[in-house]
> 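Right, I'll just put the structure down here and ask away after.
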Amino acid sequence: MASKVSGCITDFFTYETTKSVVVKSWPVGVINRIVQLLIITYFVCWVFIHEKAYQVTDTGIESSVMTKVKGFGYHHNQVMDVADYVFPSQGAAVFCIMTKLIITKNQSQGKCAECWHSRASLGCAITGICLNSSSNSSVGICEIEGWCPAENDSIKIKPMLDVKNFTIFIKNSIRFPLFNVTRGNFPSSLTSSQIRSCNYHPVNSPLCPIFRVGDVLNYTGQDVASLADKVLPGKGAPRGDRGQTGSHYQETEDMQRKSGTQTDESSDGCRILASSHNN
């Protein structure tokens, strides 16, 4: 028993160290360094650079964007506020500011002559009946069933130029719950009184969250008048043209074949409809 206790004490106070053996051999040394280089390359290129294993990713990111437009305009002899010209409702991350409004008064569901200047009749059903044009008896106009009278979007309307003085308030924030970090576009140095009175400027007020519409358009090389006068492809064009109106033009021809009506096009783009059983 005493020998076992003595052996344990002796082992406890024993000093151990590794013995290194240096092999002076070119082949062994080259293989050793190549293996070390491959291991280092694997960790640097694949683990760190490609897989980014040293990073922690938060997948439960919480973010929000709120916008608000302010301003009053004058259009169609009436005052327009945000409830009239902003779509959708206030507070959404995406919004649209209306600059021109076409008013077609006294519309009701029924049958009437279409207006080939407008693509508004695309949402209507064509009855297949040919009506005489009020201005030219040799030109036929298709009858439609829908909201009558049909909208004519070829009317020249002066845009609401007051939109350039409207302001857009943008508030956004993002939170990373895993790291308990929140970021937003409101720095702590910006007071509430400064927010109410400032307008964004890249030099004078770079942190202001309120943007003037006219300034935003100027930064993109645009202005309200030129944007309001732009016409979308196929917008306000005769249905004899190609593009987005082609499918509707084919549908019209199919309905005319069913009703025994033939189609031709005049030189100004209007169609002359001649019924096979009517002069």
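Because only heavy atoms are used, hydrogens play no part in the values below, and waters and symmetry mates are left out as well, while side chains stay in.
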> With a 3.5 Å distance limit and no angle check, can you tell me whether Q194 reaches the backbone of T191 through a side-chain donor-acceptor pair?
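Yes; at least one donor-acceptor contact below 3.5 Å.
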> Please report the closest heavy-atom contact between I144 and A150, naming both atoms and the distance.
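Heavy-atom minimum between the residues: CD1-CB, 4.0 Å.
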> Using side chain to side chain contact (heavy atoms under 4.5 Å, CB included) as the criterion, point out the one residue from N185, V65, I195, T67 that pairs with K171.
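The side chain to side chain contact (heavy atoms under 4.5 Å, CB included) with K171 is passed solely by N185 among N185, V65, I195, T67.
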> Any sub-3.5 Å donor-acceptor pair from Q107's side-chain atoms to P149's backbone N or O?
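Checked: pair present.
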> Can you check whether L101 reaches I157 side chain to side chain, under 4.5 Å on heavy atoms?
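Contact flag for L101/I157 side chains = no.
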> Which atom names give the shortest non-hydrogen contact between L178 and T57, and what distance separates them?
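Shortest heavy-atom separation between L178 and T57 comes out as CD2-O, 3.9 Å.
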> Would you say that V56 contacts F179 through its side chain, given a criterion of any heavy-atom pair below 4.5 Å between the two side chains?
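A side-chain contact exists here, since the closest heavy-atom pair is under 4.5 Å.
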> Using modelled atom types and a 3.5 Å cut-off, is there a donor and acceptor pairing between side-chain atoms of K164 and backbone atoms of L161?
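No, because the side chain of K164 does not come within donor-acceptor range (under 3.5 Å) of the backbone of L161.
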> In the structure I gave you, are the side-chain heavy atoms of V44 and I49 within less than 4.5 Å of one another anywhere?
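Contact flag for V44/I49 side chains = yes.
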> At their closest point, which heavy atom of L217 faces which heavy atom of D223, and how far apart are they?
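So the two residues come closest at CD1-C, 4.0 Å.
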> Heavy-atom distance under 4.5 Å between the side chains of R175 and N180, does that happen here?
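The answer is yes, as the side chains (C-beta and beyond) meet within the 4.5 Å cut-off.
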> Step by step, would you call N172 with I170 a side chain to side chain contact (heavy atoms under 4.5 Å, CB included)?
CA-CA 7 Å; N172 60 68; I170 300 177; 4.2 Å; yes
> Using modelled atom types only, decide if a donor and an acceptor are shared between the side chain of N32 and the backbone of V28 within a distance under 3.5 Å.
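Judged by distance alone, no pair lies under 3.5 Å.
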> Write down the atom of G60, the atom of D58, and the distance for their closest heavy-atom approach.
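Answer, listing the atom of G60 first, then D58: N-OD1, 3.0 Å.
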> When you measure from the side chain of T10 to the backbone N and O of S6, does any donor-acceptor pair fall under 3.5 Å?
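Confirmed, T10 side chain pairs with S6 backbone.
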> So do the side chains of K19 and T17 get within less than 4.5 Å of each other, counting heavy atoms only?
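Contact flag for K19/T17 side chains = no.
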> How about C198 and C208, are their SG atoms within less than 2.5 Å of each other?
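Answer is yes, sulfur atoms closer than 2.5 Å.
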> Would T99 and L227 count as a side chain to side chain contact (heavy atoms under 4.5 Å, CB included) here? Give the steps.
CA-CA 9 Å; T99 58; L227 287 176; over 6 Å; no
> Could you see if V35 belongs to whatever hydrophobic cluster contains W46? Use Ile, Leu, Val, Met, Phe, Trp, Tyr and a side-chain cutoff under 4.5 Å.
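As far as the 4.5 Å side-chain criterion goes, W46 and V35 are connected within one cluster.
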> Quick one: do T104 and W147 satisfy side chain to side chain contact (heavy atoms under 4.5 Å, CB included)? Show the steps, please.
CA-CA 10 Å; T104 306; W147 288 103; over 6 Å; no
> Linking Ile, Leu, Val, Met, Phe, Trp and Tyr by side-chain heavy atoms under 4.5 Å, what else ends up with V79?
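Cluster partners of V79: F72, Y74.
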> Between atom SG of C8 and atom CZ of F13, what is the distance when rounded to the nearest 0.5 Å?
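It comes to 12.0 Å.
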> State, to 0.1 Å, how close P206 and P202 come at their nearest heavy-atom pair, and which atoms those are.
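Minimum heavy-atom separation between P206 and P202: CB-O, 3.7 Å.
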> Do I31 and Y42 share a hydrophobic cluster, counting only Ile, Leu, Val, Met, Phe, Trp and Tyr and linking them when any side-chain heavy atoms are less than 4.5 Å apart?
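Yes; tracing contacts between hydrophobic side chains, which count when under 4.5 Å, links both residues.
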> Just by distance, do the side chain of H75 and the backbone of P159 share a donor-acceptor pair under 3.5 Å?
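No, the answer is negative, given that no donor and acceptor are paired below the 3.5 Å cut-off.
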> Nearest heavy-atom pair of P177 and E62: which atoms, and what distance?
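Scanning both residues, the minimum pair turns out to be CG-OE2, 3.9 Å.
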> For the residue pair K100 and M160, establish whether any side-chain heavy-atom pair is separated by less than 4.5 Å.
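Heavy-atom side-chain distance check fails, nothing below 4.5 Å.
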> Under 4.5 Å between any side-chain heavy atoms of Y200 and R212, yes or no?
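Side chain of Y200 against side chain of R212, heavy atoms only: no contact under 4.5 Å found.
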> Tell me whether L207 shares a hydrophobic cluster with I168, the cluster being built from Ile, Leu, Val, Met, Phe, Trp, Tyr side chains joined at under 4.5 Å.
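No, separate clusters.
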> Is a donor on one side and an acceptor on the other found under 3.5 Å between the side chain of S226 and the backbone of Q222?
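The answer is no, because no donor-acceptor pair under 3.5 Å joins these two groups.
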> Quick check on the hydrophobic clustering: are I97 and Y219 connected, directly or via other members, by side-chain heavy-atom contacts under 4.5 Å?
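Same cluster.
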> Can the ring centres of F211 and F169 be said to be less than 6.0 Å apart?
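Distance test on ring centres: not under 6.0 Å, no.
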> To the closest 0.5 Å, what do you measure between OG (S173) and CZ (R183)?
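Here the interatomic distance stands at 12.0 Å.
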> Any chance you could measure F43, atom CZ, to F48, atom CZ, to the nearest 0.5 Å?
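The distance works out to 7.0 Å.
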> Are I103 and Y85 co-members of a hydrophobic cluster defined by side-chain heavy atoms under 4.5 Å apart?
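Yes: a chain of side-chain contacts under 4.5 Å links Y85 to I103.
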> Please lay out, stage by stage, how C148 and C112 fare under the test disulfide (SG to SG under 2.5 Å).
CA-CA 6 Å; C148 294; C112 59; 2.2 Å; yes
> With a 4.5 Å cut-off on side-chain heavy atoms, are F186 and P209 touching?
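Yes - at least one pair of side-chain heavy atoms lies under 4.5 Å apart.
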> With a distance cut-off below 6.0 Å to the six-membered ring centre and an angular limit of 45° from the axis, does K70 pair with F166 as a cation-pi contact?
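Here K70 fails the 6.0 Å and 45° test against F166.
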> Let me confirm one number: the CG-OG1 distance from D215 to T167, rounded to the nearest 0.5 Å.
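These two atoms lie 11.0 Å from each other.
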> One pair to check against side chain to side chain contact (heavy atoms under 4.5 Å, CB included): Q36 and I34. What are the steps and the verdict?
CA-CA 5 Å; Q36 290 178 346; I34 291 176; over 6 Å; no
> If we ignore hydrogens and angles and just use 3.5 Å, is the side chain of H76 paired with the main-chain N or O of Q78 as donor and acceptor?
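Side chain of H76 to backbone of Q78: no pair is present.
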